[in-house]
Amino acid sequence: MGSSGQVSWKLEDHPSLPKGKTIALIVLDGWGEYKPDEYNCIHVAQTPTMDSLKQDAPEKWRLIRAHGKAVGLPTEDDMGNSEVGHNALGAGRIFAQGAKLVDLALASGKIYEGEGFKYISECFEKGTLHLIGLLSDGGVHSRLDQVQLLLKGASERGAKRIRVHILTDGRDVLDGSSVGFVETLENDLAKLRENGVDARIASGGGRMYVTMDRYENDWDVVKRGWDAQVLGEAPHKFTNAVEAVKKLRESANDQYLAPFVIVDENEKAVGPILDGDAVVTFNFRADRMVMLAKALEYQDFDKFDRIDRTSGEYLVHNGVRTFACSETVKFGHVTFFWNGNRSGCFNPEMEEYVEIPSDVGITFNVQPKMKALEIGEKARDAILSRKFDQVRVNIPNGDMVGHTGDIQATVVACKAADEAVKMIIDAIEQVGGIYVVTADHGNAEDMVKRNKSGQPLHDKNGNLQILTSHTCQPVPIAIGGPGLAAGVRFRNDVPDGGLANVAATVMNLHGYVAPSDYEPTLIEAVNN
């Protein structure tokens, strides 16, 4: 199905750029631009293909913004992420994203006026309100201040019994910060108890080991959360959440903390989810909550707000045959998020989506090459088949391995990503096509925490403080290939261009003018 409403899908022909060229659109996940040093894994890695794109044609390589307001986030301090990045890349416009939308709803009180809050408030008199999500101030999946406001608002509006099921971060924020977040939450809950609200932490675990799986990659992750949150069963039991996190951190980092439940003096879990209770997931990003929603039998979990009139839908309506591919951990980004949070193809006769299964049961630094070469091979074969006008891929290595904090493995990951890019560009050369190489946000280009002067930080024991989160650095975009019309170059009058400008750029390269409300194209054709 297409977008609702009366939309004119016919795109105007570009006055000077031809149609019919195969375009490879390559998104390097977690590939930002930063000063070269030993902690910049992209710089350290052997990446001859990406190096040549930067050095050989300066008028066809530039940086674009991939964080903050450029991708619809509240402030310029908000680092980009894969979801908002792919939304912007595919939509061609800047939409207010999760954190900003929640901020506005909390500030106006609108969040308490909708059918959702009315529905959960039915449990306030006799049941329990359960809040489940990532306890973090990273701003990628959730924010602690929003949880605090939600607790305050719900209690003021009649919630008498509240249980919070926490998931520790250490991925979008510094590893070890979980202890401080739990202490802050415990203080807030203590104040609620002073005011007569029975509010407690009920269970917890690390985000990559408990609950927050996505794309049905590993249901065991969700089951560990289900056992703790619904059944009140976990391998570790504590009477205090701060104690739980501190103890479990002795054998794992924040991302991989084992599941635990909080119990009373009789060893009974203090807050399992029961029939008649209400559950709210306070992550504003849907991807890592959908599987939990399925497990809880939510009927409407898939009815997300959708971004309309994406570039993919326009191009399909104009006869552009599309191939999209990645491995499981980023497959949804190059399809679902690219298409405006919409599942499936717009037209199965015009599109083919291929998912390569990701490795399971190991952390990504164990196999840092991931499926980069397999993605490259699929893209190569799609290009050489000449069945498609656009071949779109996401190569996840820089991001997924970068999140582990393993610098040596991330260097290997970047090299593998570069090899995949070469494979795809070589195929484009054979068919006389065009390539567009870009990224969705930074990560692998800076793997350490730094002070205000940019120097690496160390802890009290002298150990380097590893950075596992995304960054606010700009990302590259490069264009080229034998099919690129003579005189095409990046414009000089879009200095603050961001990811949302890429859609109009790609539409131009397909031979079309983008819709008038899209962010402006990054390219111009001179003397053509």
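Computed over heavy atoms, backbone and side chain alike; hydrogens, waters and symmetry mates excluded. The first residue in the sequence is number 1, and the count goes up from there.
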[atom1]/[X]: more than 12 non-hydrogen atoms of other groups inside 6.0 Å:
X    : atom1 : value
E183 : CD    : yes
E243 : CD    : yes
Y209 : OH    : no

I'd like to know if [X] pairs up with [Y] as an ion pair, taking the criterion as any Lys NZ or Arg NE/NH1/NH2 lying under 4.0 Å from an Asp or Glu carboxylate oxygen.
X    : Y    : result
K378 : E374 : no
D175 : K449 : no
E125 : K160 : yes
D399 : K330 : yes
D78  : K69  : no
K152 : E156 : yes
D446 : K35  : no

Hey, can you pull the donor-acceptor pairs under 3.5 Å for the side chains in residues 258-266, sequence neighbours left out?
{"residue": "D264", "atom": "OD1", "partner": "N266", "partner atom": "N", "Å": "2.8"}
{"residue": "D264", "atom": "OD1", "partner": "E267", "partner atom": "N", "Å": "3.2"}
{"residue": "D264", "atom": "OD1", "partner": "K268", "partner atom": "N", "Å": "2.9"}

Would you mind listing every ring-ring contact (aromatic ring centres under 6.0 Å, His included) that reaches into residues 155-207, with sequence neighbours excluded?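 Passing the test, one end in residues 155-207: H130-H165.
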For the side-chain contact (heavy atoms from CB on, under 4.5 Å) test, which of L25, I26, V27, L89 pairs with R392?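 That would be L25; it is the only one of L25, I26, V27, L89 passing the side-chain contact (heavy atoms from CB on, under 4.5 Å) with R392.
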Residue of the set D169, V173, V147 for which side-chain contact (heavy atoms from CB on, under 4.5 Å) holds with D137: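 Between D137 and the candidates, side-chain contact (heavy atoms from CB on, under 4.5 Å) is satisfied uniquely by V173.
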I want to check something: taking the side chain as every heavy atom from C-beta on, are C41 and I407 in contact at a cut-off of under 4.5 Å?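 C41 reaches I407 side chain to side chain.
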Evaluate the side-chain proximity of D406 to T363: yes if any heavy-atom separation is below 4.5 Å, no if none is.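 In short, these two side chains do not touch, never coming nearer than 4.5 Å.
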Taking only residues two or more places apart in sequence, or in another chain, which ones meet H141 in a side chain to side chain contact (heavy atoms under 4.5 Å, CB included)?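 For H141 the side chain to side chain contact (heavy atoms under 4.5 Å, CB included) partners, ignoring immediate neighbours, are L134, D172, R207, M212, N283, R285, D287, R288.
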Using only heavy-atom distances, determine whether the side chains of [X] and [Y] contain a donor-acceptor pair under 3.5 Å.
X    : Y    : value
Q229 : S203 : no
D188 : Q148 : yes
T471 : H441 : no

So H403 and H470, would you call those rings parallel, tilted or perpendicular, with 30° and 60° as cut-offs?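 If you compare the ring of H403 with that of H470, the planes turn out tilted.
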Evaluate the side chain to side chain contact (heavy atoms under 4.5 Å, CB included) criterion for residues E327 and E355: first the C-alpha distance (whole Å), next the side-chain angles of each, then the deciding distance (0.1 Å), finally the verdict. CA-CA 5 Å; E327 60 176 283; E355 176 184 352; over 6 Å; no
Hey, do the aromatic rings of Y112 and F117 have their centres closer than 6.0 Å?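 Yes, they do, as the ring centres are separated by less than 6.0 Å.
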Worked verdict on H86 versus N394 for side chain to side chain donor-acceptor pair (under 3.5 Å): CA-CA 10 Å; H86 283 76; N394 176 296; 3.1 Å; yes
